[in-house]
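Here is the structure we will look at.
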Protein chains: 2
Amino acid sequence: MIDNNVNLVSKLKEFSIKPSIQRIEILEYLMDNRIHPNVETIYSNLVDKMPTLSKATVYNTLDLFAKKGLTNRLYIEPNEVRYDIRKDAHGHFKCEKCKKIEDVEIYNIETDISKNGYNGIIHAEEINYRGICEACAK
Amino acid sequence: MIDNNVNLVSKLKEFSIKPSIQRIEILEYLMDNRIHPNVETIYSNLVDKMPTLSKATVYNTLDLFAKKGLTNRLYIEPNEVRYDIRKDAHGHFKCEKCKKIEDVEIYNIETDISKNGYNGIIHAEEINYRGICEACAK
DNA sequence: CTTCTGATTAGAACAATTATAATACTATTT
DNA sequence: AAATAGTATTATAATTGTTCTAATCAGAAG
């Protein structure tokens, strides 16, 4: 546990984020639960452990994480932001039946629009699919 | 005008949508304004012409259009759904400065995840970029 | 110890969306 | 033409994710 916290703290420091108990706990939750959670899910899972936690803190923390490049914001849901700590290029699949969001591997991808003559500055890229997932399809 | 409406009506029928005045007007707005509007924008632009229009009708109509495959719902914004009538494969670029959403062409794209061994049923695909657009970048 | 800055909180405010119940319209059948 | 059934539309309330704001807290700096 202590050893684990050392890792979490150094992870935060690696991204120039000052560690606080709330930030460590939120980071730990994200790393242990790769389910692309929303703020509500994160909050309700941590509030038992940290009774003084507020939703605003979760929002603030995740905004900070995103700004520092530690997490990505996912806009795959119409009405809520999801968060993903996995940083390598991959896509997401939202199952319309079971509602789960899965990572999907995307090989051979060529979506670098700068190679297509686009000269804007790209900060983030997101590839989303919607449909029926493998488990629900059969 | 009458001629134009004929086109709009046949477009609706092509997608098995029963024409109504509201549906014709909303479709016309989408075809004339390729700005990926949200419900609010569509509503406020049409309410002068059709004073009895309600937002619920706009929501219902766009949900119907999406279900029938006439439009796509875009989740590029955190808290609101945008609508796009263009149906060929392309991406979207949201400028964080001027807030505009542009279409971006994506050539050489290989995002067909079924080719990567994914066996789910894909209903929709979305590729979003965020950053600073060409106009704001220079 | 005091001051200052940034972190955190709690709760109000806001805005997009959905749900619901009532009303109006349209087409069909009698 | 009248009655009926089914759909379209409305108006409003309710819900919900997010942001804002003012107050408090914790820790660092002087």
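Quick note on labels: first sequence line is chain A, next is B, and so on, each numbered from 1.
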message: Does this structure show an ion pair linking B:Glu80 with B:Arg82, if we count only N-O contacts that are shorter than 4.0 Å?
response: yes
- request: Assign B:Glu40 to base, sugar-phosphate, or nothing according to its heavy-atom contacts below 4.0 angstrom with the strands shown.
  value: nothing
field: Side chain proximity check, B:Leu70 to B:Leu27, heavy atoms < 4.5 angstrom
entry: yes
Looking only at the side chain of [X] (C-beta and beyond, no hydrogens), which of the listed nucleotides [options] gets closest?
X       : options                : answer
A:Ser54 : D:dT10, C:dA10, C:dT17 : C:dA10
B:Glu80 : D:dA8, C:dA10, C:dT17  : C:dT17
A:Ala56 : D:dT10, C:dG11, C:dT17 : C:dG11

When the distance from [atom1] of [X] to [atom2] of [N] is rounded to whole Å, what number comes out?
X       : N      : atom1 : atom2 : answer
A:Asn79 : D:dT16 : CG    : C1'   : 8 Å
B:Leu62 : D:dT9  : CG    : P     : 12 Å
A:Asp63 : C:dA7  : CG    : P     : 13 Å
B:Tyr43 : D:dT10 : OH    : P     : 9 Å
A:Ile24 : C:dT8  : CD1   : C1'   : 15 Å
A:Leu74 : D:dG17 : CG    : P     : 16 Å
B:Tyr59 : C:dT20 : OH    : P     : 17 Å
A:Glu77 : C:dA16 : CD    : P     : 19 Å

- line: By nearest-nucleotide position on DNA chain D, the 5'-leaning member of A:Asn38 and B:Arg23 is B:Arg23
message: Please compare B:Asn60 and B:Pro78 by the position of their nearest nucleotide in DNA chain D and report the one closer to 5'.
response: B:Asn60
query: What class does the angle between the rings of A:Tyr129 and A:Phe93 fall in, given that below 30° is parallel, 30 to 60° is tilted and above 60° is perpendicular?
result: parallel
Strictly below 4.0 Å: does [X] bring a side-chain N or O up to OP1 or OP2 of [N]?
X       : N      : result
B:Thr52 : D:dT10 : yes
B:Ser20 : D:dT9  : yes
A:Gln22 : C:dA7  : no

message: Minimum heavy-atom separation for B:Leu30 and B:Pro37, please, with both atom names.
response: CD2-CG, 3.9 Å
- request: Find which nucleotide of DNA chain C each of B:Arg82 and B:Lys18 is nearest to by heavy atoms, and output the residue with the more 5' nucleotide.
  value: B:Arg82
message: Under a 3.5 Å threshold, yes or no: a donor from one side chain and an acceptor from the other, between B:Thr57 and B:Asn60?
response: no
